[in-house]
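Right, one structure below, let's go through it.
Numbered from 1 within each chain, the chains take letters A, B, ... in sequence-line order.
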There are 2 protein chains.
Amino acid sequence: MGKITIKDVAALAGVSVGTVSMTLNGSSKVSEKTKKNVMEIVNKLGYRRDPYARSLSLSSSRSIGLLAPGFRNSFFGEIAEALQVAAEKRNNSLMFGITNDSTKQEAKLVDQFLDRGVDGLIIIPAEDSSPDLSHIRNLLNMNFPLVFLSSYYSSLPMQTVMSDLASGAYELTKSFIGAGLKNIILISGEPSLIPFKERIEGFRKAFEDSGVEYNPDHVIISDGMSFEGGYAAIEKVYDEIKPDGILAINDVMAMGVISRLHSKGIRIPEDVSVAGYDDIATSSIQETPLTTVAQPISEMCSRAVEMLFDLIEGREIEKTLVKLPVSVKYRKSSIAKE
Amino acid sequence: MGKITIKDVAALAGVSVGTVSMTLNGSSKVSEKTKKNVMEIVNKLGYRRDPYARSLSLSSSRSIGLLAPGFRNSFFGEIAEALQVAAEKRNNSLMFGITNDSTKQEAKLVDQFLDRGVDGLIIIPAEDSSPDLSHIRNLLNMNFPLVFLSSYYSSLPMQTVMSDLASGAYELTKSFIGAGLKNIILISGEPSLIPFKERIEGFRKAFEDSGVEYNPDHVIISDGMSFEGGYAAIEKVYDEIKPDGILAINDVMAMGVISRLHSKGIRIPEDVSVAGYDDIATSSIQETPLTTVAQPISEMCSRAVEMLFDLIEGREIEKTLVKLPVSVKYRKSSIAKE
DNA sequence: AATTACGATTGAAACGGTTCAAAAGGAGAT
DNA sequence: ATCTCCTTTTGAACCGTTTCAATCGTAATT
């Protein structure tokens with residue numbers, strides 16, 4: 001037995017395919033009686049409209065794509081969840097791809113997603129120190145609906161929803177200074193990339209505003225933004241600098257820092273205050289709960305989806321860069337409070 | 001300027017649309033010269049085939065759906081990554097939906113995904129204590145390609161790839177007993193659900209095989225499988241039972257346990273040995289690295305995708321239940337070793 | 001009874017590809 | 001020059017919807 005099509009339904013219901021289609025789309029021009037009749041047949045046959053034929057007619061797949069560095073860091077997992085919720089409100093589905101922080105892989109996925117017919121794309125930029133962005137330029141040229149989330153590529157026009165990374169770093173640093181810490185370091189990544197640049201800037205400004213001398217050597221550039229990166233950074237600089245305050249660029253990295261300090265027998269926060277960034281789910285539930293900066297994930301995601309649909313549906317967007325406020329969470333890993 | 005279609009390409013190249021189509025599909029019946037000519041025009045125009053039209057013709061979207069409880073627990077994030085890799089090898093994309101451990105939500109997403117035309121579905125069953133599974137029955141009736149991952153619904157025929165949960169719990173428990181621990185508890189969920197049932201069974205059997213009396217009251221049924229669940233379970237039973245060994249059903253929960261013990265001033269592992277399950281990324285990098293059971297995520301995922309494509313492409317599948325071996329990771333949160 | 005008005009229904013074009021039987025073209029043999 | 005045989009190419013049918021101008025039916029109006 002072949003596939004059940006709208007024709008079968010129409011034949012059995014004794015109406016035209018147009019009528020069936022309109023019924024299914026809830027058009028008001030079909031009489032109630034006919035609707036009821038048609039729906040009965042639809043249910044009896046277990047008919048479902050063919051999504052491909054539909055998409056072809058409507059030229060929309062009602063699905064959008066998400067490109068993220070990966071989901072091992074649950075920060076991105078939380079973003080994925082929030083995006084899915086926002087997409088579902090608009091009856092859209094989400095496809096996802098993992099870039100592993102490589103713009104090359106990102107380009108490949110963009111291509112794949114275009115071939116799948118997604119209506120728009122949300123991209124969390126890869127933290128790639130030598131990015132090749134031709135694929136993004138392409139998308140912009142063809143005016144493809146695209147919004148960056150959480151960061152953007154500094155060399156390209158942005159349609160971005162992110163949080164105010166600098167201000168989080170600023171407030172955190174100020175509280176560390178205010179708590180009397182004298183030797184604070186920031187473990188960061190390649191300063192040409194926005195997320196690092198912003199945080200470094202917040203860090204610097206906190207010193208400036210506090211009237212304390214800023215030592216650029218206290219910004220440690222680590223290459224991996226992972227646990228291992230944090231671990232290795234401590235390995236490299238601890239004995240030399242003997243910091244009493246350590247700000248890691250994200251929570252996973254901070255966990256690496258804590259783990260290494262712990263194994264060196266250094267007490268947290270008595271000897272060293274540590275803070276992370278992102279407030280991932282596990283940060284608050286660690287043995288030593290982590291002082292960190294919470295990003296407003298769910299609002300970021302709903303704004304991003306909103307902006308994306310503005311683009312998809314051809315509306316003007318008012319602001320191309322939306323920066324939402326963050327909030328610092330003071331926990332036991334630091335003596336700083338506010 | 002309208003959309004560029006295959007007709008435009010054909011016209012400019014001076015050939016028929018059939019030829020262009022065959023060229024793009026790499027058919028061997030088109031002469032090299034023509035191919036070259038056509039490709040030139042394609043590139044010049046920046047033509048891309050319309051995915052909707054293609055899907056309609058081919059009746060395949062080259063995309064599959066993943067239904068998972070959520071991505072806050074990075075165990076599922078790691079699964080998503082691994083699945084994406086496996087899907088990409090077959091040039092497929094992945095859509096995802098989040099069930100929040102509710103079969104009702106799962107049903108809704110199944111419906112949505114069918115409407116999107118996914119070719120098949122990978123479902124990580126929701127840990128829902130009163131599941132409504134009619135949507136799954138539907139899928140099975142219509143013979144829709146479907147495989148369960150990580151667990152299955154006990155009341156339904158399974159096409160499942162999972163790990164041998166019981167054996168992990170068994171080995172872990174045995175090592176706890178072997179280390180001389182006398183008062184071991186297991187914090188689990190609703191025993192009617194497969195993942196809990198299996199682990200409880202492994203737990204029980206370890207006592208049996210060790211000739212130590214098994215106390216069913218030492219299986220604590222917690223309602224949330226989250227951090228809070230672990231935290232609350234300790235709150236509830238610690239003072240009464242005073243366990244010296246605690247097995248949590250997953251790592252996140254174990255972190256909740258550790259956090260609560262820590263705040264009570266109880267030392268790990270000196271006073272209490274703790275173990276989790278899953279070996280999520282953060283488990284090894286905690287302040288006190290967690291003894292846990294690693295599931296072979298990447299193999300599970302590639303097997304699941306393999307099985308799914310067997311179903312999609314109409315091949316017979318040999319085994320409906322694949323159980324892969326796990327490996328216990330002994331770390332500092334327990335005195336147990338092997 | 002004829003006309004009008006309007007809501008309900010029809011039917012065919014359009015969406016943009018793929019596929020394949022049939023036609024065309026070209027080379028080699030007679 | 002004609003015939004065969006093979007390789008290329010063509011063109012139309014098809015995939016299953018949506019949409020909308022045109023038509024139909026019915027009831028109200030004159």
Side-chain angles (χ1 to χ4, degrees), chain A residues 1-42 45-63 91 112 114-119 142, chain B residues 1-42 45-63 91 112 114-119 142:
Chain A
M1 188 212 69
K3 175 173 180 155
I4 303 164
T5 75
I6 199 173
K7 279 184 196 159
D8 302 323
V9 177
L12 254 165
V15 297
S16 73
V17 296
T19 302
V20 176
S21 177
M22 294 173 108
T23 301
L24 261 6
N25 286 313
S27 161
S28 60
K29 335 181 77 180
V30 182
S31 72
E32 285 309 318
K33 206 177 80 190
T34 309
K35 269 187 187 166
K36 193 162 150 287
N37 174 26
V38 169
M39 287 315 291
E40 242 161 50
I41 306 289
V42 165
L45 258 44
Y47 166 73
R48 296 188 85 101
R49 288 173 291 185
D50 181 300
Y52 314 133
R54 255 187 128 222
S55 287
L56 177 57
S57 246
L58 300 171
S59 56
S60 155
S61 60
R62 298 195 79 72
S63 63
N91 234 300
Q112 189 184 109
L114 288 183
D115 277 349
R116 294 291 173 277
V118 295
D119 295 342
M142 63 196 274
Chain B
M1 185 215 67
K3 171 169 187 162
I4 304 164
T5 73
I6 198 172
K7 279 184 196 157
D8 302 322
V9 176
L12 254 164
V15 297
S16 71
V17 295
T19 303
V20 176
S21 176
M22 294 173 107
T23 301
L24 260 9
N25 286 313
S27 160
S28 59
K29 335 182 76 178
V30 182
S31 73
E32 285 309 318
K33 206 176 81 193
T34 308
K35 269 187 187 169
K36 194 162 149 285
N37 174 28
V38 168
M39 288 314 290
E40 241 162 49
I41 305 289
V42 165
L45 258 44
Y47 167 72
R48 296 188 85 101
R49 287 173 291 184
D50 181 299
Y52 314 133
R54 251 184 132 227
S55 287
L56 177 56
S57 258
L58 301 171
S59 55
S60 155
S61 60
R62 298 195 77 72
S63 63
N91 234 300
Q112 190 183 107
L114 288 183
D115 277 349
R116 294 292 172 274
V118 296
D119 295 342
M142 63 197 274

I want to confirm an ordering. Mapping B:Ser16 and A:Leu56 to their closest nucleotides on DNA chain D, which one lands closer to the 5' end?
B:Ser16
When you list every nucleotide of DNA chain D with an atom under 4.0 Å from a heavy atom of chain B, which one comes first 5' to 3', and which comes last?
D:dT8 to D:dG16
Would you please name every residue forming a side chain to side chain contact (heavy atoms under 4.5 Å, CB included) with A:Ser57, sequence neighbours left out?
none
Counting N and O atoms only, with roles assigned by atom type, does the side chain of A:Arg116 sit under 3.5 Å from a partner on the main chain of B:Arg62, one being a donor and the other an acceptor?
yes
When you measure from the side chain of B:Asn25 to the backbone N and O of B:Met22, does any donor-acceptor pair fall under 3.5 Å?
no
Does any part of the side chain of A:Tyr47, heavy atoms only, come nearer than 4.5 Å to the side chain of A:Leu24, both counted from C-beta?
yes
Nearest-angstrom distance from the residue atom CG of B:Asp8 to P of C:dC15:
11 Å
Under 4.0 Å protein heavy-atom contacts per nucleotide of nucleotides 18-25 of chain C, with B for base, S for backbone only and - for none:
BBB-----
Do any side-chain nitrogens or oxygens of B:Tyr52 fall under 4.0 Å of OP1 or OP2 in C:dA14?
no
Does A:Thr34 reach a base, just sugar-phosphate, or nothing at all? Heavy atoms under 4.0 Å.
sugar-phosphate
Please give me the minimum heavy-atom distance between [X] and [Y], naming the atom from each residue.
| X | Y | result |
| --- | --- | --- |
| B:Val20 | B:Ala10 | CG2-CA, 3.7 Å |
| A:Gly117 | A:Ser61 | O-OG, 2.7 Å |
| B:Ile4 | B:Asp8 | CA-OD2, 3.3 Å |

Salt bridge (charged side-chain N to carboxylate O under 4.0 Å, His left out) partner of B:Asp115, the single match among A:Arg48, A:Arg49, A:Arg54:
A:Arg48
